[in-house]
Amino acid sequence: EEGRDLATRNDEAWSELYHTIFICNIIIDKTPSMHGTDEEKNQLLAETYFMRAQAYFELINLYGEPYESAEQAEKALGVPINEEITIMDNIYSRETLAKVYAKIESDLHESIARFKNTEWTKNVVHPSLDVAYLFASRLHLYKKEYQLAKNYADSVINNERYQLYDLHTAGLTSYSYFINRNNPEIMFCYGMASFDFIYNYSYLVSDKIISLFSNDDLRKTTFWDKNKKPHKFSSTNSQSYGNTYRLSEAYLNRAEALVFLDKWESAITDINTIREKRIENDYEITATNREDALNKVWEERRRELCFEKHRWFDLRRQGMPELRHIFTNGGSRKEYILPAGSKSYTLPIPKKIREQNKIIVNIERPEQL
């Protein structure tokens with residue numbers, strides 16, 4: 001029980017993400033009175049609205065209940081919305097899932113509108129109009145708004161500013177990383193210290209993931225090394241942080257949307273477009289029906305986006321299946337089970353926050369996993 005308590009106390013994501021929101025609030029408030037051209041102000045505001053939308057999106061998918069439907073979202077617990085521009089010890093309550101998603105959507109629309117009034121130049125360390133479109137496709141996919149998810153993915157794919165990285169000709173070695181400054185599909189790349197632990201400690205790629213890749217799949221020698229350590233990006237190189245927006249996600253988002261729009265044959269075409277750049281010989285797959293196509297799309301998503309912080313959010317969207325993990329500590333082995341559909345698919349609000357704010361509602365999670 002003490003260990004569980006410590007884990008909830010040391011969760012830094014909540015404070016980091018709300019700090020980002022607070023800084024964004026200040027920038028949005030002060031930009032009109034700053035010196036600079038209208039274009040410079042539009043660029044700053046476009047990026048700031050994007051960053052605030054992204055922070056709320058991460059918060060809602062960690063601490064909010066999984067989104068099931070527009071009706072369910074009207075009652076489901078989301079996270080607090082902070083509009084403050086000064087440091088105040090306010091008491092916040094949770095907003096509904098629907099209200100937080102509306103906030104994210106409104107910020108993203110504002111970001112897109114302002115990006116449209118700026119000059120586009122490729123710069124992977126800044127978000128851009130294409131990045132906002134890709135984020136919008138992700139947002140609408142999570143909300144099960146499939147036509148919108150497809151439309152925004154189309155906007156990214158059809159402008160042809162980015163190309164899928166061809167692993168046949170990329171010339172990657174055991175010393176280079178898939179996510180690097182020459183990768184033509186990377187649209188935006190940023191770092192977050194809390195994510196680096198995957199690469200700094202002895203976490204190994206599971207045999208289950210490895211078994212998803214065929215022997216002809218060039219990702220097999222690119223995404224992890226011969227010791228089964230993740231090797232997709234470097235946590236110490238500012239040119240290859242592990243948080244990326246890249247073209248292959250646009251194809252994956254569109255493919256999933258197409259399945260739900262009853263165009264599953266087209267979904268498989270999108271998957272094969274990615275596979276052609278990743279697999280040595282026979283890259284094409286087929287599906288026999290809609291359910292088979294959805295499984296193939298989700299499987300490809302798991303292959304392509306592994307170690308990039310999508311999997312937990314995807315599991316919440318994909319019906320919250322049962323998870324089992326065996327942990328070994330000092331010779332003793334213990335199996336932990338996350339039951340299907342468990343309330344524990346939503347993280348608890350950090351204990352420190354609950355002690356400061358007695359009225360905030362915490363989701364009732366099972367005591368024993």
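FYI, the numbering just counts along the sequence from 1. Everything numeric here is computed off the predicted structure, so don't read it as measured data.
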- request: Let me see the working for Glu47 and His126 under side-chain hydrogen bond (donor to acceptor under 3.5 Å, both in side chains), right down to the final yes or no.
  value: CA-CA 7 Å; Glu47 293 188 27; His126 286 270; 2.9 Å; yes
task: For Trp120 and Phe115, run ring-ring contact (aromatic ring centres under 6.0 Å, His included): C-alpha distance rounded to whole Å, both residues' side-chain angles, the deciding distance at 0.1 Å, then the answer.
output: CA-CA 8 Å; Trp120 181 85; Phe115 272 131; over 10 Å; no
query: Any chance the rings of Phe57 and Tyr142 have centres within less than 6.0 Å?
result: yes
query: When you measure from the side chain of Tyr63 to the backbone N and O of Trp14, does any donor-acceptor pair fall under 3.5 Å?
result: yes
query: Are the side chain of Gln72 and the backbone of Pro66 linked by a donor-acceptor contact shorter than 3.5 Å?
result: yes
query: Hey, does the Lys NZ or Arg CZ of Lys232 hover above the aromatic six-ring of Phe223, less than 6.0 Å from the centre and inside 45° of the axis?
result: yes
message: Check this for me: does any side-chain nitrogen of one of Arg278 and Asp166 sit under 4.0 Å from a carboxylate oxygen of the other?
response: no
- request: Assert yes or no for the condition that the ring centre distance of Phe135 to Tyr133 is strictly below 6.0 Å.
  value: no
- prompt: Looking at CD of Gln43 and CZ of Arg114, how far apart are the two atoms once the value is rounded to the nearest 0.5 Å?
  reply: 11.5 Å
field: side-chain contact (heavy atoms from CB on, under 4.5 Å) involving Asn215 - partner list, sequence neighbours excluded
entry: Lys220
query: Take atom CD in Glu265; do more than 12 heavy atoms of anything else shown fall under 6.0 Å from it?
result: yes
message: Between Asn362 (side chain only) and Ile349 (backbone N and O only), is there a donor and an acceptor less than 3.5 Å apart?
response: yes
Salt-bridge present (Glu300, Arg302; N to O < 4.0 Å): no
- prompt: Would you call Lys143-Glu105 a salt bridge at under 4.0 Å N-O?
  reply: yes
- prompt: Can you find a heavy atom in the side chain of Arg290 that is under 4.5 Å from one in the side chain of Phe260?
  reply: yes
- prompt: Is it true that Lys144 and Glu68 make a salt bridge, defined as a side-chain N closer than 4.0 Å to a carboxylate O?
  reply: no
- request: Starting from the C-alpha separation in whole Å, work towards a yes-or-no answer on side-chain hydrogen bond (donor to acceptor under 3.5 Å, both in side chains) for Glu299 and Asn295.
  value: CA-CA 6 Å; Glu299 214 169 72; Asn295 287 331; over 6 Å; no
field: Gln163 side-chain N/O to Pro184 backbone N/O, donor-acceptor pair under 3.5 Å
entry: no
- request: Give a yes or no on whether a salt bridge exists between Glu256 and Arg317, defined as a side-chain N under 4.0 angstrom from a carboxylate O.
  value: yes
- request: Determine whether the side chains of Glu249 and Asn253 contain a donor N or O and an acceptor N or O closer than 3.5 Å.
  value: yes
- request: Search all heavy atoms of Asn289 against all heavy atoms of Asp292 and return the closest pair with its distance.
  value: OD1-N, 2.8 Å
- request: Show your reasoning for whether side chain to side chain contact (heavy atoms under 4.5 Å, CB included) applies to Leu323 and Leu315.
  value: CA-CA 10 Å; Leu323 297 181; Leu315 286 167; 4.0 Å; yes
message: Less than 4.0 angstrom from a charged side-chain N to a carboxylate O is my criterion; do Glu39 and Lys116 meet it?
response: no
- prompt: Is the number of heavy atoms from other residues, nucleotides or ligands under 6.0 Å of Glu71 CD greater than 12?
  reply: no
- prompt: Do Cys189 and Asn243 come within less than 4.5 Å of each other through their side chains, counting heavy atoms only?
  reply: no
task: Work out which heavy atom in Ala149 is nearest to a heavy atom in His140; give both atom names and the distance.
output: N-CB, 3.7 Å
query: Heavy-atom count around His109 NE2 within 6.0 Å, excluding the residue itself: above 12?
result: yes
- request: Could you give me the CA-CA distance, side-chain angles and deciding distance for Glu322 and Leu338, then say whether side chain to side chain contact (heavy atoms under 4.5 Å, CB included) is met?
  value: CA-CA 6 Å; Glu322 179 186 271; Leu338 179 62; over 6 Å; no
- request: Without swapping roles, check the side chain of Asn117 against the backbone of Asn42 for a donor-acceptor pair under 3.5 Å.
  value: no
query: Do you know the tightest heavy-atom contact between Asn25 and Ile85?
result: O-CG2, 3.5 Å
- prompt: Would you say the side-chain atoms of Arg324 pair up with the backbone N or O of Glu335, donor to acceptor, closer than 3.5 Å?
  reply: no
message: Minimum heavy-atom separation for Gly36 and Lys41, please, with both atom names.
response: O-CE, 3.8 Å
- request: Let me see the working for Leu62 and Val79 under side chain to side chain contact (heavy atoms under 4.5 Å, CB included), right down to the final yes or no.
  value: CA-CA 10 Å; Leu62 290 169; Val79 295; over 6 Å; no
Reported CZ-to-CG distance for the pair Arg316 and Asp314, which is rounded to 0.5 angstrom: 11.0 Å
message: Could you see if Phe178 belongs to whatever hydrophobic cluster contains Leu218? Use Ile, Leu, Val, Met, Phe, Trp, Tyr and a side-chain cutoff under 4.5 Å.
response: yes
message: Side-chain heavy atoms nearer than 4.5 Å, only ILVMFWY residues, links allowed to pass through others: does that put Ile326 and Leu204 together?
response: no
- request: Determine whether more than 12 heavy atoms belonging to other residues, nucleotides or ligands lie under 6.0 Å from atom NZ of Lys122.
  value: yes
- request: Please answer whether the main-chain N or O of Thr37 pairs with a side-chain N or O of Glu40 as donor and acceptor at a distance below 3.5 Å.
  value: yes
Donor-acceptor pair, side chain of Asn272 and main chain of Ile285, under 3.5 angstrom: yes
query: Are the side chains of His231 and Thr222 in touch, meaning some heavy atoms are under 4.5 Å apart?
result: no
query: Please walk me through it: do Tyr245 and Tyr162 pass ring-ring contact (aromatic ring centres under 6.0 Å, His included)?
result: CA-CA 11 Å; Tyr245 285 77; Tyr162 303 88; over 10 Å; no
Cut-off 3.5 Å, no hydrogens considered: what does the side-chain donor-acceptor table look like for residues 95-104, sequence neighbours left out?
from	atom 1	to	atom 2	distance (Å)
Thr96	OG1	Lys99	N	3.2
Lys103	NZ	Glu83	OE1	3.3
Lys103	NZ	Glu83	OE2	3.4

message: Between Asn180 and Tyr165, is there a side-chain donor-acceptor contact under 3.5 Å, judged purely by atom types and distance?
response: yes
- prompt: Is Asp217 reaching over with its side chain to a backbone N or O of Ser214, donor-acceptor style, under 3.5 angstrom?
  reply: no
Arg246 and Glu304 ion-paired at < 4.0 Å: yes
- prompt: What is the ring orientation for Tyr190 with Phe188, classed by angle as parallel under 30°, tilted 30 to 60°, or perpendicular over 60°?
  reply: parallel
task: Give a yes/no verdict on a cation-pi contact between Arg254 and Tyr152, requiring under 6.0 Å between NZ or CZ and the six-membered ring centre and an angle within 45° of the axis.
output: no
statement: Between Ile60 and Gly78 the two heavy atoms that sit nearest each other are CD1-CA, 3.5 Å
Leu258 with Leu252, same ILVMFWY side-chain cluster at under 4.5 Å: no
task: Please assess Ile28 against Arg52 for the test side chain to side chain contact (heavy atoms under 4.5 Å, CB included), listing each intermediate value before the final yes or no.
output: CA-CA 10 Å; Ile28 290 165; Arg52 189 168 74 179; 3.7 Å; yes
statement: Between Ser248 and Ile274, the two heavy atoms sitting closest are O-CD1, 3.6 Å
Main-chain N/O of Leu44 paired with Thr48 side-chain donor or acceptor, under 3.5 Å: yes
- request: Step through it carefully: locate the ring centre of Phe213, locate the ring centre of Trp224, and say whether they are under 6.0 Å apart.
  value: yes
